[in-house]
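Reminder, nothing fancy here: chain letters follow the sequence lines and each chain counts from 1. Computation of the quantities below employed the complete heavy-atom set of this structure, encompassing side-chain atoms and omitting hydrogens, waters and symmetry-equivalent molecules.
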Amino acid sequence: MKVASWNVNSVRAREARLLAWLARTQPELVCLQELKAENDVFPSAAVEALGYQAAVHGQRTYNGVAILSRAPLTEIERGFGDGEDDAQARVIRARVAGIRVFCAYFPNGGEVGSEKFAYKLRWMERMRRYLERTLEKSESAVLCGDFNVAPEDRDVARPEEWKDSVLCHPEARAALARIADLGLVDTFRRQHSEGGHYSWWDYRMLGFPKNNGLRIDHIFATEPLAARCQSAEIDRNERKGKQPSDHAPVLATFSQ
DNA sequence: ATGGTTGCTTAGCAA
């Protein structure tokens with residue numbers, strides 16, 4: 001079973017690339033982030049024509065997440081469902097083929113010290129509590145998404161340049177570690193110990209040509225599923241060419 | 001220190 005996660009940075013701007021990539025890559029399960037579109041704008045018919053069911057939690061202008069699956073999606077839940085204010089569409093979950101699937105778009109955080117960064121840290125703690133309620137680590141589950149956190153310096157091309165950013169801040173890394181402590185394994189990191197693998201490059205300052213990247217998109221899995229992980233990769237080629245997203249898709253393949 | 005680019009929405013914000 002091939003699982004993918006991709007921040008498409010607008011599903012409308014990326015529709016042609018998304019459809020071509022689905023047809024070429026043939027993942028069974030795909031988590032998408034940053035749709036920047038309402039549910040009725042999502043190209044549901046086009047992905048259905050390629051054999052995918054879509055569960056969409058869209059939003060105008062910002063955010064927006066979706067789960068695509070070849071097998072039927074059940075138990076679809078949008079948002080945290082904790083009764084608190086949930087204005088930003090950043091989380092959707094579902095069950096597919098006995099696997100609990102969480103798709104998340106973590107807040108970027110703007111600048112360290114800003115209100116946006118405080119929101120990011122609060123959101124990550126809220127995410128941890130949400131997973132604590134809904135995730136059973138003895139079962140098969142994946143948490144896929146744009147985490148907006150590079151877990152370690154080996155996930156950063158130029159650690160010195162990024163050390164004070166919201167993507168590498170110690171508090172963001174600690175918040176991520178508390179989420180992982182619920183029983184989630186970074187599938188890519190279990191397969192590859194070396195650095196030099198990134199999933200996002202800034203459009204600005206020739207980020208991609210200079211390979212000034214960070215690994216901030218992840219597929220985390222509970223141990224029963226992580227034990228079945230056969231390979232993990234980043235589709236760096238999808239960052240090339242005309243009108244790419246600033247993120248590359250990340251993938252993990254599981255036996256059965 | 002600030003800039004650089006892309007996308008949404010239409011001058012400014014978010015990333």
Inset, instruction - Would you kindly compare A/Asn63 and A/Arg14 by the position of their nearest DNA chain B nucleotide and give the one closer to the 5′ end? - result: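 That would be A/Arg14.
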Inset, instruction - Return the 5'-most residue of the pair A/Leu35, A/Asn108 with respect to DNA chain B, ranking by each residue's nearest nucleotide. - result: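 Here A/Leu35 is the residue nearer the 5' end.
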Interatomic distance where [atom1] belongs to [X] and [atom2] belongs to [N] [whole Å]:
X	N	atom1	atom2	value
A/Asp246	B/dC8	CG	P	12 Å
A/Asn7	B/dA15	CG	P	11 Å
A/Leu214	B/dA15	CG	P	16 Å
A/Gln243	B/dG7	CD	C1'	10 Å
A/His247	B/dT6	NE2	C1'	12 Å
A/Glu115	B/dA14	CD	P	12 Å
A/Gln33	B/dG7	CD	P	17 Å

Legend entry - Atom CD of A/Glu160: over 12 foreign heavy atoms under 6.0 Å: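 Result for CD/A/Glu160: open.
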Inset, instruction - Could you name each residue pair satisfying ring-ring contact (aromatic ring centres under 6.0 Å, His included) that touches residues 219-242 of chain A, not counting sequence neighbours? - result: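 ring-ring contact (aromatic ring centres under 6.0 Å, His included) check on residues 219-242 of chain A returns A/Phe147-A/Phe220, A/His218-A/Phe220.
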Inset, instruction - Among residues two or more places apart or on two chains, list those pairs meeting ring-ring contact (aromatic ring centres under 6.0 Å, His included) that have a residue in residues 35-58 of chain A. - result: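 Every candidate ring-ring contact (aromatic ring centres under 6.0 Å, His included) pair involving residues 35-58 of chain A fails, so no pair, neighbours aside, qualifies.
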Taking only N/O atoms, report every protein-nucleotides 1-4 of chain B pair under 3.5 Å with atom names and distance.
none

If you restrict it to nitrogen or oxygen atoms, what contacts under 3.5 Å exist between nucleotides 9-12 of chain B and the protein, and what is each distance?
| from | atom 1 | to | atom 2 | distance (Å) |
| --- | --- | --- | --- | --- |
| B/dT9 | OP1 | A/Thr61 | OG1 | 2.7 |

Inset, instruction - Would you mind classifying the nucleic acid contact of A/Tyr105 as base, sugar-phosphate or nothing, using non-hydrogen atoms under 4.0 angstrom? - result: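 Sugar-phosphate contact only - A/Tyr105 comes under 4.0 Å of backbone atoms but never of a base.
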Looking only at atom [atom1], what distance separates [N] and [M], rounded to whole Å?
N	M	atom1	answer
B/dA1	B/dT6	C1'	23 Å
B/dT9	B/dA14	C1'	12 Å
B/dG3	B/dC8	P	24 Å

Legend entry - Trace of the ring-ring contact (aromatic ring centres under 6.0 Å, His included) decision for A/Trp6 with A/Trp200: CA-CA 10 Å; A/Trp6 190 12; A/Trp200 173 81; over 10 Å; no
Legend entry - For A/Tyr62, ring-ring contact (aromatic ring centres under 6.0 Å, His included) partners two or more places apart: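 Here no residue qualifies.
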Legend entry - ring-ring contact (aromatic ring centres under 6.0 Å, His included) partners for A/Phe102, two or more places apart: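 Residues passing ring-ring contact (aromatic ring centres under 6.0 Å, His included) with A/Phe102: A/Tyr130.
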Legend entry - Pair A/Arg173 + A/Asp153: basic N to acidic O under 4.0 Å: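 A salt bridge links A/Arg173 with A/Asp153.
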Legend entry - NZ/NE/NH1/NH2 to OD/OE distance under 4.0 Å, A/Arg129 and A/Asp82: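 Salt bridge absent between A/Arg129 and A/Asp82.
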Legend entry - Reference residue A/Arg100; test salt bridge (Lys or Arg N to Asp or Glu O under 4.0 Å); the match among A/Glu75, A/Glu136, A/Glu77: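 Running salt bridge (Lys or Arg N to Asp or Glu O under 4.0 Å) over A/Glu75, A/Glu136, A/Glu77 with A/Arg100 returns exactly one hit, A/Glu75.
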